[in-house]
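Chain identifiers are assigned alphabetically (A, B, ...) following the order of the sequence lines, protein sequences preceding nucleic acid strands; residue numbering begins at 1 within each chain. Side-chain atoms are counted along with the backbone in the values below, which use heavy atoms only and exclude waters and symmetry mates.
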Amino acid sequence: MINHPNATDLLQQARAVLLESITPELSGEQRYQALMIANAIGISAREASDLHNHTTRCNQALRHYGDYASEQELAETIAARNLEVTDEGLQNLLLTLTLAKLEINNPGYLQQREGA
Amino acid sequence: MSNGLAETFADFIADRTGAREARVVAFNKLSGGAIQDNFGLTIALTGGTHSSQHQLVVRQDAPSGVPESLTRPQEFAVLKAAFEAGVTAPQPLWLCEDERVSGHIFYVMTRAAGTASPKQLVKTEHSPQARSKLTRRFGEELARLHSIRPPAAGLDFLPLPQSQHPALSRVSLYRRYLAEIAEPHPVLEWALNWLEDRAPEPGPTVLCHCDFRTGNYMMDGDELTAVLDWEFATWSDPCEDLGWLCSRSWRFGQDLREVGGMGDKTDLLAGYQDISGTDIDPRHVSYWEVMALVRWAMIALQQARRHMSGEQRSLELALTGRMVPQMELDLLQQIRQLEAAQ
């Protein structure tokens, strides 16, 4: 059992303090480092909060497409050239897996590309 | 910043130039360079072959490298060949292979004016004419570099592509890299299959920079002042450099400007044609843009491994590993677009 607030809440608040109170006072290399730390905290907060849902969604997509037990099995099947490059279902599955990772790692990039 | 290190470099330069005195005017570590340490050094020399004040850069090994990266003596040789071929690059001056001098092998080159900051460069207002001229200039610079072909004196350490087919040679290399990484990357496996199936006939084998992109050249106002960071140079297909420069990864938010967020591909290829006399097929450039996305993903995976293995613990390297899905999304979108255009 854990106390509350939970890890996601703590990380989100730590990131807010870093970006709102500390980073504006910094410049040069220190500012760059602070922004990297904020980025790392943001990824960690989203992973703590969303990883379980993303994993469930990806596993369902893997099973639906070809009854794959894992992303590893899919990667091995592609590497063995047992799937056509142009297979639309495969491309949609790969997109689902990639979007799940991007939602944790860099949701801003996703919005930028969707807007492009 | 260690004054001792600045004095060490100054003493070395005095020795090479025969200067009676070498006074350090300014010394600082330059930003960028996850693999190499770069130092800015302003030095006043009295006597000898270079008696005056000089703005220099000293480039030496950081704690570790990546497999594709050249050693400093190799990089020095490539830079010398490029400079002599008329590429706008820093002039390589002196190489020190004695690690007892500073603790690392290093070399000294001239320092170009301006900035290499990609975010600053893509945001700078340029007239349409200046933008077009600059983009043509990129093509001209690459054409001059690509005039260097094997065998070339002093560059025999550079490996030739397997079977004279740089694209398939790259596919094979990246499959080996991917096999060494425990984490599954089905998108990269899929993209490698596409690259294998769609590989065009290779162009001539030429000296490629292999990292010529926005962020690795200096500009002062509207003028290109230096092409930097030669550590990945090797023999390859001319379109590898053109595709890398046009890759979606290096447009820094200016996606409609295909050439590094700076200009249009037609200007790039026109500049290339002016100097080389070669008409490049834009479809081949698009193919190598896909290769560029895979290569950047491979580099990012390797950088994350350097962090995770303890070889070089670094937040920057760790975060680079988390960028791989960005390249994977771009691969999915770009390959779909290219297939639809078939």
Restricting to non-hydrogen atoms, name the atom on B:Val24 and the atom on B:Ala6 that form the minimum distance, rounded to 0.1 Å.
CG2-O, 3.8 Å
For a quick test of reading the model, state the closest non-hydrogen atom pair linking B:His284 to B:Glu201 and the distance between them.
CE1-O, 4.3 Å
Counting only non-hydrogen atoms closer than 4.5 Å, does [X] touch chain B with its backbone (N, CA, C, O), its side chain (CB onward), both, or neither?
X: A:Glu103; result: neither
X: A:Ile43; result: side chain
X: A:Asp87; result: neither

Quick check on the interface: out of B:Asp330, B:Leu315, B:Ile335, who has the most heavy-atom pairs with chain A under 4.5 Å?
B:Asp330
Between B:Arg336, B:His185, B:Glu339, which has the largest tally of heavy atom pairs under 4.5 Å with chain A?
B:Arg336
Looking at A:Gln72, A:Glu73, A:Glu76, A:Arg81, which makes the most heavy-atom pairs under 4.5 Å with chain B?
A:Arg81
Among A:Leu93, A:Ile104, A:Asn92, single out the residue with the greatest number of heavy-atom pairs under 4.5 Å to chain B.
A:Asn92
Any donor-acceptor N or O pair under 3.5 Å, side chains B:Asn193, B:Arg175
yes
Do you know which of B:Lys265, B:Arg248, B:Arg283 makes salt bridge (Lys or Arg N to Asp or Glu O under 4.0 Å) with B:Glu289?
B:Lys265
Under the criterion side chain to side chain donor-acceptor pair (under 3.5 Å), I'd like the reasoning laid out for B:Tyr287 against B:Asp281: C-alpha separation, chi angles, the key distance, then a yes or no.
CA-CA 10 Å; B:Tyr287 170 88; B:Asp281 185 339; over 6 Å; no
For [X], is it the side chain, the backbone, both, or neither that has a heavy atom closer than 4.5 Å to a heavy atom of chain A?
X: B:Leu332; result: side chain
X: B:Ala191; result: neither
X: B:Gln326; result: both

Please confirm whether the ring centroid of B:Trp296 lies under 6.0 Å from the ring centroid of B:Trp244.
no
May I ask you to check whether B:Phe106 and B:Phe39 place their ring centers less than 6.0 Å from one another?
no
